[in-house]
Structures are given as C-alpha cells and as structure tokens.
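Here's the structure we're looking at; comments come further down.
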Amino acid sequence: MSDTHCSLHGEKLLLFCEHDKEPLCLVCQTSKKHRNHSVCPVEQAALDLKEELKPALNLIKEKLKRFTEVEQECKETAEHIRSQAQHTERQIKAEFEKLHQFLREEEEARLAALMEEEEHKSQIMKEKIENITGHISTLTDKITAIEKAMDTEDTSILQNYKNIRERAQCTLQDPEMLSGALIDVAKHLGNLKFRVWENMQMVVQYTPVVLDPNTVRATLSLSDDLTTVSDSGTGQKCPDNPERFIFYVCVLGSEGFTSGTHSWEVKVGNKLGWDIGVAKESITRKGSITYSPESGFWVLMLRNGDKYSASGAPGLTLKRKPQSIRVQLDYDRGEVSFFDSSDMSLIYTFKDTFTERVFPFFSPCLKKDKNEGPLQICPVKISVKVM
C-alpha cells in the first residue's frame with residue numbers, strides 16, 4: 001500500500017488530525033476515534049509543520065556551522081602545536097649547543113692550563129737533571145783521576161800529592177729536590193664543577209618574568225628567549241585559543257602570582273607609547289579593554305612620548321623620561337608600584353586588594369607615528385654564594 005493511502009481503508013490521505021498529529025482519509029475522519037477532532041488539509045498541515053520545524057532546523061544548522069568552525073580551529077591548533085613543538089625543539093637544541101660550546105671551551109682552557117704547567121715544570125726538571133748529570137760527570141772524572149793517581153808508585157804519589165789533593169777538593173753543594181715541582185692537582189681539580197658554574201654566569205642570563213606566547217596578539221613578535229615584545233605591524237597565523245588577546249596589542253607574563261613580593265624591570269627606551277603593569281587572570285581577552293583597577297588592570301601608560309598616566313588616575317608629571325621602568329608587586333599588601341630604574345624614584349603606586357591570580361602585563365602599543373622599538377624585560381645579576 002502506498003504511503004499516500006490509508007492502510008485501513010485504502011483511501012487517499014487528504015486530511016490531517018491536529019489532535020493526534022496523523023494524516024487521515026475521508027473514512028477515518030468519520031470514525032469514532034477522530035469524529036470530534038479538528039482536521040485540516042494535508043497540504044496546509046505540511047506547510048504549518050515545516051514552518052514550525054524551521055527554527056529548530058536553523059538552530060541545528062547554526063550548531064553544525066559552529067562545530068565545523070571549531071573543528072577547523074582544532075585542526076589549525078593541532079598544526080600550530082606541531083609548529084610550536086618543532087620551533088621549541090630547535091630553540092632547546094640551540095641553547096644546549098651554546099652550553100655545550102661553553103663547556104667545550106672551558107674544558108679546552110683547563111686542559112691547556114694543565115699542559116702549560118706540565119711543560120713548564122717538565123722543562124725545569126729537565127734543566128735540573130741536566131745540571132745534576134753534568135755534576136755527576138765531573139765528579140766521576142775526579143774520582144777516576146784520583147783513583148788512577150793513587151794507584152801509582154809511592155814515590156809518584158808523594159811527588160804529585162799537592163796536585164792530587166787539589167783535585168780531590170769538592171765545593172759542590174749537595175743536590176736538593178725542588179719545592180713545588182709537582183703538578184698542582186688541587187688547583188686543576190678542586191671544586192672544578194663549581195668553578196665552571198661560576199664562569200657560566202657570563203653566558204647564562206635570568207629574567208624574573210618570561211612572556212607567554214600563547215597570550216600574545218597575532219601582530220606582536222616575541223624574541224626567541226621570550227623576553228622582548230614588539231609590534232610587527234603584520235598579522236601572524238595563530239589559533240584563537242582562550243588565553244590569546246585578539247583586539248589589543250598586549251601580552252602577559254607566563255607566571256601568575258597569588259602571594260609574595262615580585263619585581264621586574266622593563267627597558268622602554270625612547271618609545272612614544274607603551275603600557276606596563278599587572279592584570280588579573282579573568283580580564284577579557286577577546287573584547288574591548290578598559291584600563292582601570294575595577295576592570296582588573298593596574299597599569300602605567302605613556303602616550304605621545306610625554307604624557308604619562310596610571311589606569312584610573314589623572315595624568316602624572318615626571319622630572320625626566322625614564323629609559324627603564326621597575327614594576328614592583330606586593331600581592332599581600334595589595335600594592336603595585338612603578339619606579340624610574342635610573343634612580344629608583346617612585347612614579348606611582350596603586351593600592352588595592354587582590355582576590356585572584358595576577359600576571360605581569362605588557363603592551364608596546366601600535367607600531368605607528370614613529371613608535372618604534374620593543375619592550376624588553378631586563379635580566380637580573382646572578383651571584384653565587386658559598387654558605
């Protein structure tokens with residue numbers, strides 16, 4: 001039986017029961033089951049149901065579109081992960097090669113020092129041996145001559161006694177071993193690893209803050225050591241992960257703080273604009289940003305080369321243009337302070353109460369109107385102490 005005909009009566013299905021939500025033939029309509037139900041032509045019912053299904057269908061289509069978009073984003077993210085891993089692997093190998101080269105040079109220098117000492121002391125000992133050998137030869141000749149003279153006739157001995165006695169005179173000092181003749185092994189091996197570690201300070205740098213490339217806006221470029229940020233002016237292909245800023249040219253430090261005192265110094269140079277400070281973890285990354293403590297920003301700003309201000313505070317007057325800014329965070333006391341690094345003069349202090357993790361915040365501002373140059377986190381001096 002065709003789907004367009006009633007399975008009970010064989011008649012064509014021309015009506016639709018709105019109560020039971022099923023198509024009917026003319027005989028079904030008169031049956032006891034449907035006698036008092038509201039019916040309409042199947043064409044009209046189909047149109048009504050299509051209109052009713054359209055919102056749900058559109059919602060599914062939107063859902064499919066979103067899933068398709070996220071699938072593509074996930075594929076791009078997977079590719080970015082591979083690219084990140086390959087780039088990071090190259091950087092790790094390059095950094096370790098620098099350390100290997102340093103250790104090779106240290107090894108060569110220390111072996112060269114050992115060989116130099118060996119050659120020097122061996123030469124001294126060689127000269128000492130040659131000198132002693134010469135004296136041995138002289139003494140041997142004396143002994144031979146004296147013994148030969150003593151082996152002659154008595155009369156001859158008496159006649160040559162004076163000469164023999166003079167030859168038997170010996171004024172040579174007894175030979176002595178040289179002090180310090182041996183290799184100074186302790187100098188070469190004593191605390192060897194520690195001494196190498198001390199010298200390693202010349203090639204190893206430490207910065208208290210490292211930038212997080214997973215938060216940086218696509219138009220910003222970070223140095224390989226993640227301590228410098230600048231606006232490249234051109235977008236790079238980056239996944240739109242939740243941590244990444246989209247609209248504003250900024251980046252966060254890789255480590256957040258929930259307690260303690262922390263400080264870092266930022267070289268700003270002669271840039272005409274920049275933003276430096278602290279931001280809470282929950283700030284918006286995808287939309288508009290308002291610099292204020294209420295919005296989770298405690299930031300010092302420079303605009304037009306000479307206009308300084310603090311977020312949510314009036315303009316500031318500085319006696320000179322700082323080349324470096326020190327940021328000091330005291331989480332427990334709720335303070336963020338900014339200093340001119342040249343003389344540690346205070347520029348501004350925010351006083352607030354922190355309730356969540358906060359991160360170092362940086363923006364080199366857009367690369368326009370001669371606002372060239374990066375922001376660079378300065379390394380701190382490393383010292384080795386023996387307790």
Side-chain angles (χ1 to χ4, degrees), residues 81-140 172-213 221-230 253-255 262-267 269 323-324 326 341 374-387:
I81 290 171
R82 284 191 291 272
S83 176
Q84 276 187 312
Q86 292 169 358
H87 176 75
T88 304
E89 179 183 0
R90 288 193 297 271
Q91 290 304 118
I92 290 173
K93 288 182 177 179
E95 290 301 313
F96 270 94
E97 177 54 32
K98 292 177 184 177
L99 294 176
H100 293 157
Q101 181 62 30
F102 167 81
L103 291 175
R104 284 194 293 267
E105 292 174 356
E106 278 286 315
E107 179 184 11
E108 291 172 1
R110 292 174 185 278
L111 289 175
L114 173 60
M115 292 180 62
E116 182 181 0
E117 183 180 357
E118 179 193 10
E119 291 176 0
H120 175 67
K121 292 188 173 179
S122 294
Q123 181 63 32
I124 292 175
M125 192 55 60
K126 179 182 177 182
E127 294 173 357
K128 177 74 171 179
I129 292 171
E130 290 176 349
N131 181 264
I132 291 176
T133 301
H135 288 315
I136 289 174
S137 178
T138 300
L139 292 173
T140 302
L172 291 176
Q173 297 289 332
D174 286 347
E176 294 181 356
M177 289 299 298
L178 296 174
S179 177
L182 301 180
I183 295 293
D184 190 350
V185 176
K187 180 184 72 175
H188 296 287
L189 293 183
N191 292 316
L192 176 59
K193 295 177 183 177
F194 178 80
R195 300 305 176 195
V196 173
W197 181 36
E198 277 187 316
N199 290 341
M200 195 175 287
Q201 296 176 67
M202 296 183 294
V203 297
V204 174
Q205 286 190 336
Y206 172 77
T207 52
V209 171
V210 175
L211 302 174
D212 184 356
S221 296
L222 302 184
S223 60
D224 288 335
D225 63 359
L226 305 180
T227 62
T228 301
V229 57
S230 58
S254 62
E255 181 182 1
H262 312 272
S263 64
W264 55 95
E265 186 174 317
V266 185
K267 184 179 179 180
Q323 296 294 297
S324 296
R326 177 175 289 274
S341 299
L375 295 179
Q376 180 182 3
I377 303 167
C378 301
V380 297
K381 185 176 181 181
I382 302 173
S383 62
V384 178
K385 293 184 178 180
V386 180
M387 304 299 290

Nearest-0.5 Å distance that lies between atom CD in Gln376 and atom OG in Ser230
11.0 Å
Nearest 0.5 Å please: distance from the CG atom of Leu375 over to the OG1 atom of Thr227.
11.0 Å
Glu198 backbone acceptor or donor facing Gln201 side chain under 3.5 Å
yes
Are side-chain heavy atoms of Lys187 and Glu117 found at a separation under 4.5 Å?
yes
For the student: nearest non-hydrogen atoms of Pro374 and Thr228, plus distance:
CB-CG2, 3.3 Å
Between Arg195 and Glu106, is there a side-chain N and carboxylate O pair less than 4.0 Å apart?
no
With rounding to the nearest 0.5 Å, note down the distance linking CD in Glu116 to CD in Glu118.
11.5 Å
Does any non-hydrogen side-chain atom of Gln101 lie less than 4.5 Å from one of Val203?
no
Do Glu127 and Gln123 pass the side-chain hydrogen bond (donor to acceptor under 3.5 Å, both in side chains) test, and can you show the C-alpha distance, the side-chain angles, and the key distance before you say yes or no?
CA-CA 6 Å; Glu127 294 173 357; Gln123 181 63 32; 3.1 Å; yes
Side chains of Phe102 and Val204: closer than 4.5 Å at any heavy-atom pair?
no
Is there side-chain contact between Ile183 and His188, with heavy atoms separated by less than 4.5 Å?
yes
Side chains of Leu211 and Ser254: closer than 4.5 Å at any heavy-atom pair?
no
What's the separation between atom CG in Asp212 and atom CG in Leu226, rounded to the nearest 0.5 Å?
8.5 Å
Report the C-alpha separation of Arg110 and Leu114 in whole Å, then their side-chain angles, then the decisive distance to 0.1 Å, and conclude whether the side chain to side chain contact (heavy atoms under 4.5 Å, CB included) test is met.
CA-CA 6 Å; Arg110 292 174 185 278; Leu114 173 60; over 6 Å; no
If we ignore angles and hydrogens, is there a donor and acceptor under 3.5 Å between the side chains of Glu95 and Gln91?
no
If you count every heavy atom of other residues, nucleotides or ligands that lies below 6.0 Å from Glu97 atom CD, does the total exceed 12?
yes
Side chains of Pro213 and Leu222: does their closest heavy-atom pair fall under 4.5 Å?
yes
Do you know which two heavy atoms are closest between Val266 and Cys378, and how far apart they sit?
C-SG, 4.4 Å
So do the side chains of Arg326 and Ser263 get within less than 4.5 Å of each other, counting heavy atoms only?
yes
Under 3.5 Å, side chain of Asn191 to main-chain N/O of Phe194, donor-acceptor pair present?
no
Lys267, NZ atom: more than 12 neighbouring heavy atoms under 6.0 Å
no
Looking only at heavy atoms, what is the nearest atom pair of Lys121 and Ala181, with distance?
CD-O, 3.3 Å
Intermediate values then yes/no, salt bridge (charged side-chain N to carboxylate O under 4.0 Å, His left out), Glu108 and Arg104
CA-CA 6 Å; Glu108 291 172 1; Arg104 284 194 293 267; 6.0 Å; no
Between Thr140 and Ile136, is there a donor-acceptor pair closer than 3.5 Å when you use the side chain of the first and the backbone of the second?
yes
How far does CD1 of Ile124 sit from CG of Leu178, to the nearest 0.5 angstrom?
7.0 Å
Separation between CD (Gln205) and CD1 (Ile377), nearest 0.5 Å, reads 12.0 Å
Evaluation steps, side chain to side chain contact (heavy atoms under 4.5 Å, CB included), between Val196 and Leu103
CA-CA 8 Å; Val196 173; Leu103 291 175; 3.8 Å; yes
